[in-house]
Amino acid sequence: MRRHPLVDVGLLLITFRLAGLAGRYLLQPAGSLAARLALFLPAAASHAAALLIVVAACLAVAAAMPRYAYAVTIAACAGFAILMVAGQADLTVSAITGAPLTPTVFRTYRGLHVVRSKEFLEPLRANLGVTLGGTGAFFAAIAWMAVLVRRGDGWGRPTCRPLRLIVVAVSLIAADALVPWPVPPPPIEVAFAREYLHLDEVHLRGSEAGAIADLRRLTGLPPSAQWVGDPYPLVYQPARTPMAAARRANPPDIVVVMVESLRAQELSFVTGADESVTPNLDALAIRSVVFPRYISNAFPSAPSVLSFHCSAWPHRSKEIITDFAARSFDCLPARLADLGYQTIYVGADPHFDNQDRWLSRWYAKAVDLIAEGAPGTDRQIVSRAMDEIRRHEMAEPNRPLFAFVSTYSTHYPFTLPDDAGEQPVNREGNLRAQYRQTLRYTDRELGRLLEFVRQRRRRTSVIVAGDHGFYVDLKHSSGLPENDNVWTAALIAGPEDLVGAPRRVAAAASHVDMMPTVLAMVGDDRPTASLGSDLLGPPRTGARTALAIRAGGVRLDHDGQSAIVDARTPNVLSTRLAFPIPTPTATLTPTPTLTPRQLLDWVDDWSYLVEQNRVWSDRLLGATPASSTRR
């Protein structure tokens with residue numbers, strides 16, 4: 001008696017998935033063959049086990065309903081085809097964006113939009129040969145599946161019992177669990193099942209006390225600061241100083257401009273290139289504190305914006321802005337509002353990735369041009385921002401202002417707005433030229449805003465930073481936190497008594513450092529959960545570091561070097577020069593001993609605190625000297 005056709009079709013499904021895994025873990029990543037095999041084998045075991053369980057379940061249904069065995073087989077084959085697509089899409093999306101396909105991704109980026117977006121489709125187009133090869137393999141598998149079903153004569157009692165497949169699957173799972181080194185992410189089937197069954201929480205490798213101690217050593221403390229306590233273990237009480245009290249008595253206005261997809265590689269004030277497309281940012285840099293080695297803690301915008309606002313790293317696998325909206329975080333606009341500031345946001349389309357869920361918590365007034373039906377161009381954004389600042393000055397001229405302006409036009413695919421007044425360059429084969437043309441347009445509009453702010457009478461500090469970078473060569477898109485997607489830049493300009501003299505700071509810096517920097521500017525010395533360090537003051541540890549977290553990998557910058565762990569090879573730590581710009585040798589210190597496990601443990605320990613809601617409580621602000629300045 002021949003075996004049931006579902007067994008043959010199931011084996012075809014598993015073979016198709018293993019081929020995709022071979023490409024993902026054996027061919028794509030760097031590292032020795034032994035290191036890649038150490039990842040491929042457990043990945044193959046976990047994926048094969050998951051699919052064997054699916055095949056066993058279908059066989060069990062067919063055996064229980066012999067009259068409908070053919071219909072069950074057809075339905076199962078359709079399901080297997082979907083799993084072929086889903087499994088390969090999961091591997092492809094994670095290779096391009098760093099984030100595997102999970103319910104979190106679908107919730108954050110409006111469902112199937114994530115696989116219909118240009119950010120996903122254009123890299124596929126750029127790698128057309130591989131894409132067509134994979135598509136052809138899929139249709140060949142579907143055709144062979146149809147042949148297996150049509151010629152199958154094992155419709156009676158199956159010779160391969162479902163229990164046998166379950167035993168094999170359990171054996172593979174047990175073998176995978178015995179692997180002592182970090183292993184790749186679970187199959188998409190397991191990821192969905194774990195999340196819907198609430199089994200996807202982070203588990204600490206050691207004790208909670210040990211994890212907290214490790215995180216505290218990583219972040220360090222500002223001079224004379226003290227940890228507040230164990231319930232919220234990363235909250236600290238800054239030192240109380242006369243300078244802080246003086247700054248609270250004369251608080252400056254703060255204007256932040258976050259530039260969409262600001263690539264540091266295209267900024268002449270960072271790279272020293274002769275040809276510049278950002279003359280207004282260049283002029284600002286001359287009178288600013290410049291941070292040329294500044295990175296985003298995440299990619300894309302949603303986790304980047306949260307890191308900037310709340311001095312918080314991303315979760316290891318979920319989107320805080322989507323999945324942990326009920327958790328408490330120590331966020332800059334809310335703190336400033338408590339100090340008497342008027343808080344205003346101006347941008348376009350923040351609902352795309354759920355940023356709008358947080359804007360009402362952060363800002364007294366949030367302007368979304370797209371939601372209002374207005375064009376979401378940088379000219380419109382800048383004009384509206386200036387209008388809002390003028391309204392504030394007329395209504396409450398003595399009240400300090402925190403304004404956050406989020407640009408939009410340099411978002412991929414870098415389409416030059418109609419109000420630019422010029423013809424767009426030819427995009428075909430020249431995405432970088434299109435980006436630079438759009439960046440020049442954005443810089444021109446920012447010039448209007450910067451000049452407007454400069455002419456104001458009130459003491460004002462200006463911060464300009466990119467939310468992240470972006471690729472201009474889609475053939476090299478990656479899920480890792482690499483320079484193309486996280487290297488941006490930051491500028492801080494303002495009164496010299498607040499920011500000091502213009503200068504370049506060569507140390508590592510990132511979004512989480514901005515909140516403690518602004519808190520120091522305004523004299524807010526209340527307890528804080530900031531993970532970063534005041535960029536204008538002494539570092540919290542011996543040397544400044546910057547941590548970037550993506551589902552595709554983790555990166556730690558330290559003294560001009562980057563230590564990176566690729567999620568495809570979590571047992572390998574690669575160290576490289578962080579940026580292709582000179583690093584003054586006087587600032588270099590030896591890179592501390594670091595292992596892949598230690599770096600990943602830091603990320604897991606932080607994610608654990610997020611899940612346990614032990615990052616922050618608003619009660620920690622309490623009745624402090626700073627709170628007496630509320631208005």
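In this structure, the side chain of Arg357 engages the main chain of Thr322 through a donor-acceptor pair within 3.5 Å. Between the side chain of Asn430 and the backbone N or O of Val425, no donor-acceptor pair lies under 3.5 Å.
Checked options Tyr435, Phe299, Trp487; the residue passing with Phe470 is Phe299 (criterion: ring pair (Phe, Tyr, Trp, His ring centres under 6.0 Å)). Checking each of Asp484, Asn485, Thr488 against Arg263 for a side chain to side chain donor-acceptor pair (under 3.5 Å) leaves exactly one that passes, namely Asp484. Screening Val305, Leu531, Ile295, Asn297 against His511 for a side-chain contact (heavy atoms from CB on, under 4.5 Å) leaves a single residue, Asn297.
The shortest heavy-atom contact between Ile564 and Leu480 is CG2-CD2, 4.2 Å. Here the shortest heavy-atom pairing between Val554 and Pro481 reads C-CG, 3.9 Å. Closest heavy-atom contact between Ser409 and Gly376: OG-O, 4.4 Å. Closest heavy-atom contact between Ala312 and Val512: N-CG1, 3.7 Å. The heavy-atom pair separating Ala169 from Ile53 by the smallest distance is CB-CG1, 3.7 Å. The shortest heavy-atom contact between His411 and Ser261 is CA-OG, 4.4 Å.
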Candidate pair Leu431 and Asp473, rule side chain to side chain contact (heavy atoms under 4.5 Å, CB included), full reasoning = CA-CA 7 Å; Leu431 189 58; Asp473 183 357; over 6 Å; no

Verdict with supporting geometry, Glu266 and Arg432, salt bridge (charged side-chain N to carboxylate O under 4.0 Å, His left out) = CA-CA 9 Å; Glu266 309 299 341; Arg432 179 170 181 258; 3.0 Å; yes

Test side chain to side chain contact (heavy atoms under 4.5 Å, CB included) on Tyr441 and Thr377 and set out the steps.
-> CA-CA 10 Å; Tyr441 158 81; Thr377 69; 3.5 Å; yes

Going through the distances and angles, do Leu204 and Asp604 end up as a side chain to side chain contact (heavy atoms under 4.5 Å, CB included)?
-> CA-CA 7 Å; Leu204 301 179; Asp604 282 348; 5.5 Å; no

Show your working on side chain to side chain contact (heavy atoms under 4.5 Å, CB included) between Leu547 and Arg555 and close with a plain yes or no.
-> CA-CA 6 Å; Leu547 181 66; Arg555 164 178 174 165; over 6 Å; no

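Once rounded to the nearest 0.5 Å, the distance linking OG of Ser171 with CG of Asp176 reads 12.5 Å. With rounding to the nearest 0.5 angstrom, the CD atom of Glu201 is 12.5 Å from the OG atom of Ser607. Taken to the nearest 0.5 Å, the NE2 atom of His309 stands 14.0 Å off from the CZ atom of Phe329. In this structure, the separation between OH on Tyr608 and CZ on Arg205 is 15.5 Å, given to the nearest 0.5 Å. The CG atom of Leu556 sits 6.0 Å away from the CG atom of Leu599 when rounded to the nearest 0.5 Å. Rounded to the nearest 0.5 Å, atoms CZ (Arg36) and CZ (Phe40) are 12.0 Å apart.
In this structure the side chain of Met84 never reaches within 4.5 angstrom of the side chain of Phe80, judged on heavy atoms. Looking only at side-chain heavy atoms (C-beta outward), Leu573 and Leu594 come within less than 4.5 Å of each other. Counting heavy atoms from C-beta outward, Leu13 and Leu83 have side chains that approach closer than 4.5 Å. Side-chain contact between Trp313 and Ser307: absent, with no pair of heavy atoms (C-beta onward) separated by less than 4.5 Å. When side chains are defined from C-beta on, Leu52 does not count as touching Ile166, because their heavy atoms never get closer than 4.5 Å. No side-chain heavy atom of Asp605 sits under 4.5 Å from any side-chain heavy atom of Leu609. Between Val61 and Tyr68 the shortest side-chain heavy-atom distance does not fall below 4.5 Å. In this structure the side chain of Asp323 never reaches within 4.5 angstrom of the side chain of His315, judged on heavy atoms.
Checking Ser304 against Ser296 by side-chain atom types alone, a donor-acceptor pair falls below 3.5 Å. Asp467 and Ser301 form a side-chain donor-acceptor contact under 3.5 Å, judged by distance and modelled atom types alone. Under the 3.5 Å distance criterion, with hydrogens and angles disregarded, no donor-acceptor pair is assigned to the side chains of Arg576 and Asn483.
Classification of Lys318 and Glu611 as a salt-bridged pair fails, no side-chain N sitting under 4.0 Å from a carboxylate O. Salt bridge Glu189/Arg17: present, at least one basic N to carboxylate O contact under 4.0 Å.
Around the CD atom of Gln423, the shell of radius 6.0 Å holds no more than 12 heavy atoms that belong to other residues, nucleotides or ligands.
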